[in-house]
Visitor: 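Once you've had a glance at the structure underneath, I'll fire off some questions.
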Amino acid sequence: MQNLIHDDPQLAELALAEEQRLQNTINLIAAENHSPQSILDITGSAFNTKTIEGYPGKRFHAGCVNVDSVETLAIKRAKHLFGAEYVNVQPHSGSSANLAVYFSVLEIGDTVLAMSLPHGGHLSHGHKASITSKCFNFSHYEVNPQTGLIDYEQVRKTAHSLRPKMIVAGASSYPRLIDYKLMAEIAKEVSAYFMVDMAHIAGLVAAGVIPSPVAHSDFTTFTCYKTMMGGRGGVILARKEFASRINSAVFPGCQGTTAANLLAAKALIFKLAMDDLFVAVQKKTLANARNMSRAFLTRGYTVISGGTDNHQVIIDLTNKKIPGKTAEQALEAVGIIINRNVVPADAGKPGQVSGIRLGSGAISARGMGSDEVDKLVEWMDCIMARPHDTALADRVGRDVLALCHDFPVNA
Ligand SMILES: *Cc1c(COP(=O)(O)O)cnc(C)c1O
């Protein structure tokens, strides 16, 4: 920090404040995680300097001897970890990875079938605000409103009537396992490519604690900063027949230079993901989410799909008469960081956000277990029942802080 304090004391103060914020709050954002310190170290390493275009051995600038080895290592480790035939570690983000996959095999205007955003899908799956919907003709499948599960019969019917060029599975907000085998069968019936976006669950897949889509899909994409714990950046896994098309879709198709420091972080997290410690964190992540969803059910909450098979617990707060945004703000005031989330009941009602989404990744990385989950749910329940009670907020805020001190980040 000494250099930063010298160059920009104002920014140094913000960076320190952010470190304090992470240490002193409970992170239940499903799309975040605490990366190991070594990931933060390599991200700020000498690899920031190098400009690289192209692929190892075929670069457009000299001086690539070390970054070529780094990228080759990241690819080799990812192939091994995920059982993939082909890997591209250059995408800047999950959204860029998705864009490159679309542009690798689709023509402008081609039809794609993906999950609807209010039902759990992602912006980059053809939401009207995303460039993906301006380039391709997306249609969307939904979850069954009673069960909260993907309506596979609807997927099949829609696929047969639309004859899409590609079917996309994977979600931002879906607490259950996806039947990749069935989705792949449906794609095959209509001769569509099958892509899986496992952004949220990549760490769970890497650890082998939930099923992997890789053997069933033509393309699998993910980002490294969610359950994967590896910092920023996207990755594409694919069947080897798509290798050259993906390579050119990423560079020069969608990107210029890639971030060599992030290639190094990817190589590192793929190594760490083979260790017992990583697997233990992912197991804990699953157990913590299950306990959290049970505890909310016991307290009369509407847990979407009635539970969870991954790191997410999604709650529809309609019966508790508290809007998602009020819950988010009241919880933040006591140091519990969550996000409001659209739930299937909000579909077709723009602006209405009746739910919250919780994730167990970051608390598990800190070593918290079932006792801590019980306490957290109890506190969240009290706060959501009385979001404007300041005496209650003071009391819970102190308890949250004490819990944070017992479980430091990257201890
Ligand atoms: C988070 C997420 C992404 C986006 O990744 P970025 O790295 O933020 O672009 C893509 N797809 C899904 C399903 C996600 O949940």
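Bear in mind the structure is a predicted one, so any value in this text is a computation, not a measurement. Order of appearance sets the numbers: ligands from 1, and atoms from 1 within every ligand.
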Visitor: Just to check, does Phe222 reach to within less than 4.0 Å of ligand 1 when the distance is taken from its heavy atoms?
Guide: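 No, Phe222 has no heavy atom closer than 4.0 Å to ligand 1.
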Visitor: State which residue, out of Asp197, Thr223, Thr132, fulfils the side-chain hydrogen bond (donor to acceptor under 3.5 Å, both in side chains) condition with Asn98.
Guide: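 Only one option passes, and that is Asp197.
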Visitor: Mind telling me whether Phe219 and Phe242 have parallel, tilted or perpendicular rings, with 30° and 60° as the class edges?
Guide: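 Rings of Phe242 and Phe219: tilted, 30 to 60°.
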Visitor: How does Ala199 reach ligand 1, if at all, at less than 4.0 Å between non-hydrogen atoms: by side chain, backbone, both, or neither?
Guide: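 Under 4.0 Å from ligand 1, Ala199 contributes side-chain atoms alone.
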Visitor: Using a heavy-atom cut-off of under 4.0 Å, does the side chain or the backbone of Arg232 touch ligand 1, or both, or neither?
Guide: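 Neither; no heavy atom under 4.0 Å.
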Visitor: Does an N or O anywhere in Ser172 fall below 3.5 Å from an N or O of ligand 1?
Guide: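 Yes, there is a polar N/O contact under 3.5 Å.
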Visitor: Look at atom 4 (C) of ligand 1 and find which of His122, His92, Met115 reaches it with the closest heavy atom.
Guide: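 Nearest option to atom 4 (C) of ligand 1, by heavy atoms: His122.
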Visitor: Using a distance-only test with no angle check, is there a side-chain donor-acceptor pair under 3.5 angstrom linking Ser305 and Arg176?
Guide: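 Yes, Arg176 and Ser305 have a side-chain donor paired with an acceptor closer than 3.5 Å.
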Visitor: For Gly94, is at least one N or O under 3.5 Å away from an N or O on ligand 1?
Guide: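 Yes, there is a polar N/O contact under 3.5 Å.
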Visitor: If I apply the N/O under 3.5 Å rule, does Ser93 come out as touching ligand 1?
Guide: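 The answer is yes, given that Ser93 and ligand 1 share an N or O pair closer than 3.5 Å.
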Visitor: Can a salt bridge be assigned to the pair Glu153 and Arg156 using a cut-off of 4.0 Å between side-chain N and carboxylate O?
Guide: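 Yes, Glu153 and Arg156 are salt-bridged.
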Visitor: Using a 3.5 Å cut-off on N or O atoms only, is Ser96 in polar contact with ligand 1?
Guide: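 No, there is no polar N/O contact under 3.5 Å.
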Visitor: Any N or O on Thr223 sitting closer than 3.5 Å to an N or O of ligand 1?
Guide: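 There is no such contact.
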Visitor: Could you walk me through whether Asp151 and Asn144 satisfy the side-chain hydrogen bond (donor to acceptor under 3.5 Å, both in side chains) test, starting with their C-alpha distance in whole Å, then the side-chain angles of each, then the deciding distance to 0.1 Å, before giving a yes or no?
Guide: CA-CA 5 Å; Asp151 188 339; Asn144 175 312; 4.9 Å; no
Visitor: Could you tell me whether Glu328 and Lys325 make a salt bridge, using a distance below 4.0 angstrom between a side-chain N and a carboxylate O?
Guide: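 So Glu328 does not pair with Lys325 through a salt bridge.
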Visitor: Less than 4.5 Å apart, any side-chain heavy atom of Asp346 and any of Pro118?
Guide: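 Contact flag for Asp346/Pro118 side chains = no.
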